[in-house]
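Notes for the one structure printed next.
Note that the structure is predicted; figures quoted are calculated from it, not measured. Convention: sequence-line order gives letters A, B, ...; per-chain numbering from 1.
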Amino acid sequence: MRTFALTDPPAGAPGAAGADDLRMAEELLGGLNERQGEAARTTDGPVIIIAGPGSGKTRALTHRIAYLLAAKKAWPSQILALTFTNKAAREMRDRAEKLVGAEDVRGMWIGTFHAIFARVLRREAESIGFTRSFSIYDSDDTERLIKELMPRYDVDPKRITPRMVRGRISGAKNQLVTADQYARLAADPFEEAVAKLYGPYDQALRRANAMDFDDLLGWPIRLFQSHSDVLAAYQRRWKYIHIDEYQDTNRAQYALAKLLAAQHRNIAVVGDDAQSIYAFRGADIQNILSFQEDYPEARTIRLEQNYRSTGRILKLADAIIKNNRGQLDKTLWTENPDGEHILVMEAVSERDEAQKIERTVRDLTVRGGLRWKDFAVLYRTNAQSRSIEESLRRGGIPYRLVGGVSFYQRKEIKDALAYLRLAVNPHDAASFLRAINEPPRGVGDKSVGLLRAHAAQHNVSLWDAARGAGAGLSGRAAVSVRGFIEAIETGAERAATAPADEVARDLLQASGLLRALRDENTPESLARLDNVHELINAVAEFAGAGASGRTLADFLQEVSLVADVDSLTDEDNRVTLMTLHASKGLEFKVVFIAGLEEGLFPLGQSTADPSELEEERRLFYVGVTRAERLLFLSYARNRFRYGESEPALRSRFLDEIEAEDVVRTEAGGTFQPNAGRYTLDDRAYDPDPAVESGYRRLDPHYYRRSLRGAHAAPQRGRPADGERRVEYDEGYGPLVTGTRVRHETFGEGKVLAVDGAGERATATVFFPSAGQKRLRLKFARLEVVR
DNA sequence: GGGTGGCATCTTTTT
DNA sequence: GATGCCACCC
């Protein structure tokens with residue numbers, strides 16, 4: 001929650017730096033080591049800082065900013081710093097303030113890519129046909145919109161879910177592939193279905209005066225490309241550009257940075273390829289390599305000394321990442337003591353695992369003098385938090401859960417926000433659909449269907465359709481709709497003059513939402529009512545906090561852009577629970593990584609794809625390097641899945657650790673990794689080209705049955721051309737993603753995914769004739785087509 | 001139009 | 001174990 005001064009930098013340079021200025025600038029770099037200092041001092045021209053975990057990379061970047069200001073190289077408003085979380089931005093700003101003073105930092109542009117460019121878009125909205133108060137759609141809104149479109153374009157939401165479509169469209173947007181281009185590239189029936197929806201989806205967003213997250217990057221690019229004067233203005237403005245966590249940038253972010261840096265070429269990026277964990281949302285490590293191509297004059301600085309962790313933790317991290325290929329060359333080292341051994345804890349169940357964690361936390365606070373906030377428990381999926389929460393609660397240990405269902409994702413909050421968003425942007429279709437019959441006011445599916453038909457027919461928004469009345473609504477529905485519209489319009493009019501929180505309070509009152517919750521009068525509904533009041537308070541706080549005139553529209557755009565980690569502060573003394581992803585950039589004295597089991601971490605089918613497996617491994621690396629002093633790795637031999645307990649096998653990540661005197665068992669013995677249970681790349685054993693260059697599973701215990709199928713007998717030689725028949729009835733075979741199979745009734749299809757084990761092994765197969773099917777291998781008797 | 005109860009389907013990770 | 005969806009009833 002931060003405002004950026006939107007004034008243009010004063011003309012000219014900020015005056016020549018005197019000797020005093022330069023001395024002060026140098027002093028600011030006093031606390032840095034030689035390398036960090038070099039990174040901070042390299043202010044002119046492109047710099048790429050390749051930095052390991054805990055090496056003070058953000059520190060170096062912040063000092064660089066302070067140095068620029070102190071040495072009078074730029075006005076604050078000429079500095080742009082892009083981060084990946086608001087929290088990182090806030091920390092960077094706070095540290096910069098401490099270095100050079102709040103006064104001299106004001107006006108600097110520090111924020112996430114999304115926040116900064118949302119801001120740019122707000123200023124330039126009209127030139128791309130939006131209004132300033134456009135809505136920002138999260139994945140929920142987006143899926144709603146896609147679902148709306150599906151029947152009209154003859155896509156069956158059972159076969160191809162809105163979520164899948166959203167994923168594909170988002171991926172395409174990250175790669176800067178437009179709807180037209182996508183339609184041309186679509187290669188299979190699934191992609192063709194996506195292609196049918198992509199264009200209309202974009203039009204629907206436009207009609208709703210809304211943007212999705214990817215548009216917040218895509219639209220600025222289009223804006224800059226079509227308005228060279230606008231681009232030139234921003235190129236001039238931002239004399240110095242900084243990007244933190246550069247390994248997480250996607251194509252669109254890369255393109256934006258390149259466009260903006262073209263004039264001054266003062267761009268400093270910081271990244272660690274080993275910590276790239278967001279490929280699933282389009283992050284591309286290649287951007288690090290491209291940087292050196294785009295800026296051949298770029299200076300490369302490596303920060304390899306680690307200040308955070310003990311020697312043993314670092315040794316473990318190194319042993320983990322060594323199992324990945326193609327990591328950039330980097331040697332981590334530290335002057336810190338070796339520290340304690342890393343402990344592996346085996347539990348019989350997830351409940352047992354949670355209790356062990358709870359007990360360990362308690363012991364360490366009593367004996368080790370640690371505080372609750374020194375601990376973090378990290379896990380792969382949000383669902384894992386439940387058991388850990390339970391045991392911490394039972395033990396009376398205060399904790400803080402990051403992620404999961406955050407405040408702004410709760411239903412009542414989304415409903416309330418829908419009203420507020422409509423008042424600001426009445427054409428917002430997703431909000432309209434959410435709010436129109438919440439609370440129930442007699443406008444059900446049928447009436448909404450009529451409005452929708454009317455809107456589609458006249459190519460107007462739902463709002464216009466509803467406002468035009470008529471549309472064939474029944475008398476009762478028409479009255480309700482009119483009341484709804486009036487309430488929103490009243491709110492919209494008042495928004496122009498009254499304070500944002502008053503507008504919000506009155507509008508929610510008029511909506512009937514508050515009354516419905518009060519009338520329901522259950523403990524749950526009253527809790528929800530409290531939440532809505534809390535939202536109103538948040539609006540009040542927001543509107544009051546800013547220097548001047550922060551509007552409801554500003555508030556709404558801000559809340560769409562905050563993540564849950566952002567609210568994390570060091571103030572509460574609580575144990576932190578969060579996903580490994582959310583932990584990036586943070587550090588804790590003691591870290592637990594729970595659920596180190598095959599299928600959970602590495603998760604699901606990621607083991608089938610080498611690049612996905614490597615991303616999982618980097619995620620493990622990220623988790624391990626969050627720890628300063630103590631690290632615990634745990635797994636359970638049984639874990640609940642789909643409501644029933646299922647046996648689990650400890651993660652390959654534990655068995656591939658090769659490090660002397662680093663890891664111990666709880667009993668104090670040496671941890672014995674079962675080396676070679678999984679090995680790298682022995683493609684020679686597999687005649688199937690689909691798994692070429694893949695990791696081969698070799699654990700005879702785990703995969704005994706599949707080995708009997710094909711892998712165990714490569715010496716029999718490849719079958720002659722033609723078909724190879726694999727029987728599945730006594731287990732399941734080496735079926736991997738991409739394999740072509742034939743089914744008795746559906747014909748030929750392509751395997752999209754395989755999950756489950758043994759009896760429950762299930763393949764997701766796409767059949768051109770019948771669409772996507774989930775088939776139990778036990779029954780389906782698939783033939784592999786070669 | 002709306003509410004309820006049973007059944008299926010999951011489960012990545014997030015700005 | 002929770003959410004979503006559908007069928008059925010009021």
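Sorted pairs that involve residues 157-176 of chain A and meet ring-ring contact (aromatic ring centres under 6.0 Å, His included), not counting sequence neighbours, are lacking altogether. Residue pairs meeting the salt bridge (Lys or Arg N to Asp or Glu O under 4.0 Å) criterion with at least one member in residues 243-253 of chain A, sequence neighbours excluded, are K57(A)-E245(A), E245(A)-K584(A), D248(A)-K584(A).
Looking at heavy-atom distances under 4.0 Å, N382(A) makes contact with sugar-phosphate atoms alone, never a base. Note on S139(A): nothing from the nucleic acid sits closer than 4.0 angstrom, heavy atoms only.
Y635(A) is linked by a ring-ring contact (aromatic ring centres under 6.0 Å, His included) to nothing, counting only residues two or more places apart in sequence or in another chain. In this structure, Y379(A) has no side-chain hydrogen bond (donor to acceptor under 3.5 Å, both in side chains) partners at least two apart in sequence or on a different chain. For T112(A), the side-chain hydrogen bond (donor to acceptor under 3.5 Å, both in side chains) criterion is met by no residue, not counting sequence neighbours. Considering only residues two or more places apart in sequence or on other chains, E612(A) meets the side-chain hydrogen bond (donor to acceptor under 3.5 Å, both in side chains) condition with none of them. For N287(A), the side-chain hydrogen bond (donor to acceptor under 3.5 Å, both in side chains) criterion is met by T249(A), not counting sequence neighbours.
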Might you list the N or O atoms of the protein lying below 3.5 Å from N or O atoms in nucleotides 3-6 of chain B, with each pair's distance?
none

Just the table, please: protein N/O against nucleotides 1-10 of chain C N/O, every pair under 3.5 Å.
| from | atom 1 | to | atom 2 | distance (Å) |
| --- | --- | --- | --- | --- |
| dG1(C) | O6 | Y642(A) | O | 3.2 |
| dC5(C) | OP1 | K147(A) | NZ | 3.2 |

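Using a 5.5 Å limit on the distance between ring centres and a 30° limit on the angle between planes, the aromatic ring of Y278(A) does not count as stacked on the six-membered base ring of dT14(B).
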